[in-house]
Amino acid sequence: MNYTTALNLFSPSVNSIHDEPVKEFKNILDELAKAYGCKLVNFAIKKGTIISSFDNKDVVRDILVDIEQITGVKASLHNSPESFLDEFKEIS
């Protein structure tokens, strides 16, 4: 099972995984996942919101706490695509 997170870190004009700040943030997530022994399964950005999925719920919670402390942005953890889509349906 994968666990999806969303972080609104960039302005809505940032909409590409090829933008340098987005690539740097993905590298951070990759390194964190590696350090904790899990995988970053999916990574996308839409209107400045980073959407990522990891394959370990317990480790994801620890990673999210770290990300929240670093960024000051509250992250959300979803255990199903439906719950994620319900919360973020306004991102279209």
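Remark: side-chain polar atoms of Asn15 are paired, donor with acceptor, to backbone N or O of Lys47 under 3.5 angstrom. Of the possible polar contacts, none joining the Asn42 side chain to the Ser53 backbone as a donor-acceptor pair under 3.5 Å is found.
By the criterion of side-chain heavy atoms lying less than 4.5 angstrom apart, applied directly or through intervening Ile, Leu, Val, Met, Phe, Trp or Tyr residues, Val14 is grouped together with Ile17 in one hydrophobic cluster. Val65 and Leu29 fall into different hydrophobic clusters, where Ile, Leu, Val, Met, Phe, Trp and Tyr side chains are chained together by heavy-atom contacts under 4.5 Å. A single hydrophobic cluster is not seen to contain both Val41 and Tyr36; linkage of ILVMFWY side chains at heavy-atom distances under 4.5 Å, directly or through other members, places them apart.
Using a 4.5 Å heavy-atom cutoff, the side chains of Phe43 and Ile50 are in contact. Within the 4.5 Å cutoff, no side-chain heavy atoms of Glu24 are placed close to those of Ile28.
Closest approach of Cys38 to Asp55, counting heavy atoms only: CB-OD1, 3.1 Å. For the residue pair Ser52 and Leu40, the shortest heavy atom distance occurs at CB-CD1, 3.7 Å.
Salt-bridge annotation for Lys34 and Glu31: absent, with no side-chain N of the basic residue lying under 4.0 Å from a carboxylate O of the acidic one.
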Q) Given Val22 and His18, is the side-chain contact (heavy atoms from CB on, under 4.5 Å) satisfied, shown in steps? A) CA-CA 7 Å; Val22 177; His18 302 292; over 6 Å; no

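Of the inter-residue distances, the one linking Asn27 atom CG with Leu32 atom CG reads 11.0 Å to the nearest 0.5 angstrom.
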